[in-house]
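What follows is a single structure, written as structure tokens, with notes after it.
Here, residue 1 is the first one in the sequence, and each next residue gets the next number.
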Amino acid sequence: MKTLIDNARSFAATHVADPQNTEAFQALEAGQSPEALFVTCSDSRVVPTLITGARPGELFELRTAGNVVPPYPTVDTADRDGRPMSEAATIEYAVCVLGVRDIVVCGHSHCGAVGALLRGEDLSAVPAVRDWLDHSVAPDAALRSLAPASSDVAEAVQTHVLAQLERLRAYPCVRERVADGSLTLHAWYYEVHTGTVTCQRPSFDDRPAFGPL
């Protein structure tokens, strides 16, 4: 923690006060206008701004366990207290208020959430995680029918990412803007051990196809 605190203490002096950065940081007080919404996992090995080279104000982020996009909240899908979900609020704000032109859903190799689902792990010791995944990944989801073919669970993660894109398309605000051509959805896969990023490509069978950006 000491290193993190030391960097936070020196951030203003070493970054913001740098003449090359000062003007850009000062402009942030007027608001934000990010290019994209980046939906990814909470995993500490995935750092969206590092991967994309985005500067402050350029990337709006939504991070969830397993890069899950929950169903758009209705009377049946709102949380147990009847309140809308923060994930849906983030997506709606990005699309309707900030006017992002692109949404990226980025899964990653060696994903603990996807691996747990594949292996049918007992998650009773982490009930919030168990309930989140049970709520978010349907019993008949394609992901649940796959076998853990490799330690990086690449095929399963990619299948899961594509399912999250379909979830996004069911959001009214996303559906409308995709239909009028003002919003584009992207499926990405990031290898935490190599730094390689691939994206969805046309497939000639039922298997997900990911290739170079």
Side-chain angles (χ1 to χ4, degrees), residues 31-43 46 48-49 51-55 57-79 83-108 111 113-114 132-133 135-138 140-144 146 154-190 196-213:
Q32 60 176 322
S33 184
E35 295 182 23
L37 167 63
F38 200 96
V39 182
T40 194
C41 186
S42 306
D43 195 296
V46 182
T49 53
I51 295 167
T52 62
R55 293 176 59 81
E58 294 179 345
L59 202 63
F60 201 63
E61 295 181 29
L62 171 60
R63 305 191 67 153
T64 68
N67 55 265
V68 164
V69 175
Y72 186 74
T74 64
V75 172
D76 296 325
T77 62
D79 72 17
R83 296 171 298 189
M85 293 177 285
S86 64
E87 299 84 9
T90 298
I91 294 166
E92 205 165 63
Y93 187 80
V95 173
C96 298
V97 178
L98 298 178
V100 297
R101 298 180 297 278
D102 296 271
I103 301 179
V104 176
V105 178
C106 182
H108 68 93
C111 180
V114 171
W132 169 252
L133 294 177
H135 170 75
S136 304
V137 183
D140 60 350
L143 163 63
R144 293 186 184 270
L146 297 174
E155 181 182 359
V157 170
Q158 292 166 4
T159 297
H160 179 59
V161 166
L162 297 180
Q164 305 320 297
L165 281 192
E166 292 307 309
R167 281 265 181 85
L168 275 173
R169 290 188 176 98
Y171 278 59
C173 58
V174 173
R175 184 171 59 243
E176 291 171 7
R177 289 200 48 208
V178 168
D180 69 22
S182 64
L183 180 66
T184 304
L185 307 184
H186 309 265
W188 287 10
Y189 173 73
Y190 172 66
T196 301
V197 180
T198 53
C199 64
Q200 182 188 14
R201 295 297 185 187
S203 175
F204 300 101
D205 54 31
D206 293 333
R207 296 166 66 89
F210 280 66
L213 283 170

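A donor-acceptor pair under 3.5 Å links the side-chain atoms of Trp132 to the main chain of Ala65, judged by distance alone. Checking side-chain atoms of Arg201 against main-chain N and O of Phe210 turns up no donor-acceptor pair under 3.5 Å. Checking side-chain atoms of Gln164 against main-chain N and O of Val69 turns up a donor-acceptor pair under 3.5 Å.
Of the inter-residue distances, the one linking Leu133 atom CG with Leu143 atom CG reads 9.5 Å to the nearest 0.5 angstrom. Considering CZ of Arg177 and CG of Leu185, their distance stands at 10.0 Å, rounded to 0.5 Å. Rounding to the nearest 0.5 angstrom, the gap separating the OG1 atom in Thr52 from the CG atom in Leu59 is 5.0 Å. The line from SG of Cys41 to CG of Leu62 is 11.0 Å long, rounded to the nearest 0.5 Å. Distance check, rounded to the nearest 0.5 Å: CG of Asp180 to CD of Glu176 gives 8.5 Å. In this structure, the separation between CG on Asn67 and OH on Tyr190 is 14.0 Å, given to the nearest 0.5 Å.
Closest approach of Pro73 to Ala88, counting heavy atoms only: CD-CB, 3.4 Å. Scanning both residues, Leu146 and Glu155, for their nearest heavy atoms gives CD2-OE2, 4.0 Å. The shortest heavy-atom contact between Glu61 and Pro48 is OE1-CG, 3.7 Å. Minimum heavy-atom separation, Met85 to Pro71: CE-O, 3.3 Å.
Salt bridge annotation for Glu166-Arg169: present, with a cationic side-chain nitrogen under 4.0 angstrom from a carboxylate oxygen.
Counting only N and O atoms by type, the side chains of Arg63 and Thr40 include no donor and acceptor under 3.5 Å apart.
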Give the table of side-chain donor-acceptor pairs shorter than 3.5 Å for residues 92-108, with sequence neighbours excluded, one pair per line with atom names and distance.
from, atom 1, to, atom 2, distance (Å)
Glu92, OE2, Tyr72, OH, 2.8
Asp102, OD1, His186, NE2, 2.7

Item to check | Residues Glu58, Thr49; criterion side chain to side chain contact (heavy atoms under 4.5 Å, CB included); working and verdict | outcome: CA-CA 9 Å; Glu58 294 179 345; Thr49 53; over 6 Å; no
Item to check | Audit row: His160, Val68, side chain to side chain contact (heavy atoms under 4.5 Å, CB included) steps and yes/no | outcome: CA-CA 8 Å; His160 179 59; Val68 164; 3.9 Å; yes
Next on the checklist: Tyr189 vs Val197, test: side chain to side chain contact (heavy atoms under 4.5 Å, CB included). Steps then yes/no.
Outcome noted: CA-CA 6 Å; Tyr189 173 73; Val197 180; over 6 Å; no
Item to check | Derivation of the side chain to side chain contact (heavy atoms under 4.5 Å, CB included) call for Gln200 and Val161 | outcome: CA-CA 10 Å; Gln200 182 188 14; Val161 166; over 6 Å; no
